[in-house]
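Working notes, structure below.
As the structure is a computational prediction, the values presented were derived from the model and not from experiment. Any value given below was found using the heavy atoms of this structure, including those in side chains, with hydrogens, waters and symmetry copies removed. Chain letters run A, B, ... following the sequence lines, proteins first, then strands; residues in each count from 1.
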2 protein chains.
Amino acid sequence: MIETNIFFSALSNDVRLRCLMLLVEEEELCVCEFTHALGLAQPAVSRHLALLREAGIVLDRREGLWIHYRLHPDMPQWALEVLQVTAQGIVGLSPFQDDLKVLEDMPNRPGAPRCA
Amino acid sequence: MIETNIFFSALSNDVRLRCLMLLVEEEELCVCEFTHALGLAQPAVSRHLALLREAGIVLDRREGLWIHYRLHPDMPQWALEVLQVTAQGIVGLSPFQDDLKVLEDMPNRPGAPRCA
DNA sequence: ACGTTATATATGGTATTTGATATATATTGT
DNA sequence: ACAATATATATCAAATACCATATATAACGT
């Protein structure tokens with residue numbers, strides 16, 4: 001990822017920022033976990049994740065039917081720090097706080113790293 | 001400032017991000033310094049600064065004919081950290097690096113805190 | 001090969017953002 | 001009161017982003 005305007009416009013949408021805040025906390029998530037946590041329709045989530053992927057902010061990995069997303073390991077250090085600093089600042093606020101709670105209560109999570 | 005989408009969409013424009021990166025380094029600048037450093041028309045700069053003001057990211061202060069802008073002191077800590085981390089990451093790249101150099105070489109700067 | 005599940009892409013309508021240009025406001029000096 | 005300077009706002013066309021809905025793809029089990 002190179003262009004700062006693409007990076008920040010990616011963060012400027014609520015749905016995408018909520019997805020990223022979840023990824024800062026949760027390491028790796030599949031689409032069904034995002035749709036469950038955010039309470040949004042699958043095409044909406046998928047389209048926003050596609051934009052994050054094209055921006056180089058997330059990386060996807062297919063495993064059977066599931067596609068797992070995580071923060072892109074090649075993201076510049078400053079961009080990762082922006083995400084982490086933002087998460088520290090807003091993770092206690094709505095709707096981000098609720099998203100995490102809903103995700104943790106989700107039944108039958110696919111890969112489910114247990115949330116400490 | 002409260003809404004994350006307003007904050008990040010403010011940063012998603014090149015002109016505004018360049019203004020903010022200058023403010024992270026320079027403390028306080030007036031409009032003529034922005035227009036000189038960025039090489040843009042006054043109305044363009046003024047409108048972008050207005051947007052930053054409405055978003056609560058900068059604060060303006062009139063002194064005679066000049067209007068000085070600085071980072072808003074009431075900005076949430078995490079937002080300020082986002083700006084600082086971003087500056088550390090990109091201040092060495094174009095066009096941000098050049099903006100600073102052009103500003104330092106500007107003749108007859110108004111308040112001009114000398115740049116260390 | 002067929003159905004099912006998980007995810008992706010396409011489409012169209014509407015709203016927002018942008019850049020360029022013109023005009024307005026506010027302050028100072030005379 | 002007038003001119004000059006610094007800055008702000010208004011306007012409009014073009015581009016972009018957004019949401020909702022419909023459709024397509026890809027992998028798996030039978």
Side-chain angles (χ1 to χ4, degrees), chain A residues 3-19 22-23 28-55 57-70 95 103 106-112, chain B residues 3-19 22-23 28-55 57-70 95 103 106-112:
Chain A
E3 304 265 4
T4 55
N5 55 347
I6 292 179
F7 175 69
F8 285 117
S9 71
L11 308 206
S12 74
N13 175 278
D14 262 352
V15 175
R16 290 192 294 266
L17 189 60
R18 290 165 72 188
C19 289
L22 288 176
L23 283 180
E28 195 176 48
L29 295 170
C30 74
V31 179
C32 61
E33 290 175 303
F34 287 112
T35 60
H36 185 269
L38 306 190
L40 294 175
Q42 176 268 319
V45 171
S46 202
R47 188 165 39 80
H48 285 292
L49 288 172
L51 196 149
L52 290 174
R53 188 195 330 124
E54 290 156 14
I57 301 175
V58 300
L59 187 65
D60 61 338
R61 170 179 74 87
R62 181 178 277 276
E63 182 190 5
L65 286 177
W66 291 276
I67 296 189
H68 302 274
Y69 285 88
R70 77 192 116 134
L103 178 61
M106 177 181 178
N108 308 322
R109 286 178 65 183
Chain B
E3 304 265 5
T4 54
N5 54 347
I6 292 179
F7 175 68
F8 285 117
S9 68
L11 306 207
S12 74
N13 175 280
D14 262 351
V15 175
R16 290 192 294 268
L17 189 61
R18 289 165 73 188
C19 289
L22 287 176
L23 284 179
E28 195 176 46
L29 294 171
C30 75
V31 179
C32 61
E33 290 176 304
F34 287 113
T35 60
H36 185 270
L38 306 189
L40 294 175
Q42 176 268 321
V45 170
S46 202
R47 189 165 42 80
H48 284 294
L49 288 171
L51 196 149
L52 291 173
R53 188 194 330 124
E54 290 157 15
I57 302 176
V58 301
L59 188 64
D60 60 339
R61 170 180 75 85
R62 180 179 277 274
E63 184 190 4
L65 286 176
W66 291 275
I67 298 190
H68 301 273
Y69 285 87
R70 77 193 115 136
L103 178 61
M106 177 179 177
N108 309 321
R109 287 179 63 183

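- Rounded to the nearest 0.5 Å, atoms SG (A/C19) and CG (A/L11) are 11.5 Å apart.
- The nearest heavy atom of DNA chain D to B/V45 and to A/S9 marks one nucleotide each, and the one closer to the 5' end goes with B/V45.
- Atoms CG and NE2, from A/L29 and A/H36 in turn, are 12.5 Å apart once rounded to the nearest 0.5 Å.
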When you compare the protein's N or O atoms with those of nucleotides 19-21 of chain C, which come within less than 3.5 Å of each other, and at what distance?
unit_1 : atom_1 : unit_2 : atom_2 : d
C/dG19 : OP2    : B/H48  : NE2    : 3.3
C/dG19 : N7     : B/R47  : NH2    : 2.9

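- Using a distance-only test at 3.5 Å, with no hydrogens or angles considered, a donor-acceptor pair links the side chain of A/S9 to the main chain of A/N5.
- Using modelled atom types, no side-chain atom of B/R16 and backbone atom of B/H48 make a donor-acceptor pair closer than 3.5 Å.
- Heavy-atom contacts of chain A under 4.0 Å fall on DNA chain D between two terminal nucleotides, which in 5' to 3' order are D/dC18 to D/dC28.
- Side chains of B/R61 and B/Y69: a donor-acceptor N/O pair is absent below 3.5 angstrom, by distance only.
- Axis deviation across the helix from C/dA1-D/dT30 to C/dT30-D/dA1 amounts to 20°, comparing end segments of five pairs, rounded to 10 degrees.
- Between the CG atom of A/L29 and the P atom of C/dT7 there is a distance of 11 Å, rounded to whole Å.
- Regarding B/H68, its NE2 atom lies at a distance of 19 Å from the P atom of C/dA26, rounded to whole Å.
- As rounded to whole Å, 16 Å separates atom C1' of C/dT17 from atom CG of B/L11.
- For the atom pair A/L59 CG and A/L23 CG, the distance stands at 11.0 Å (nearest 0.5 Å).
- Atom P of nucleotide C/dT7 and atom CG of A/D60 are separated by 11 Å, given to the nearest angstrom.
- As a whole-Å value, the separation of B/Q42 CD from C/dA22 P is 14 Å.
- Between the CZ atom of B/R61 and the C1' atom of C/dA26 there is a distance of 17 Å, given to the nearest Å.
- Note on A/F34: nothing from the nucleic acid sits closer than 4.0 angstrom, heavy atoms only.
- In this structure, A/N13 CG and A/L52 CG are separated by 8.5 Å, a value rounded to the nearest 0.5 Å.
- Note that the CD1 atom of A/I6 and the CG atom of A/L51 stand 9.0 Å from one another [nearest 0.5 Å].
- Between B/H68 and B/D60, every side-chain heavy-atom pair lies at or beyond the 4.5 Å cut-off.
- Considering CZ of A/F34 and CD1 of A/I67, their distance stands at 12.0 Å, rounded to 0.5 Å.
- Taking every side-chain heavy atom of A/L65 into account, C/dT5 is the closest of C/dT5, C/dT9, C/dT27.
- Considering all non-hydrogen atoms of both residues, B/L22 and B/L38 come closest at CD1-CD2, 4.0 Å.
- Summarising the geometry, the separation between CH2 on A/W66 and C1' on C/dT5 is reported as 9 Å, rounded to the nearest angstrom.
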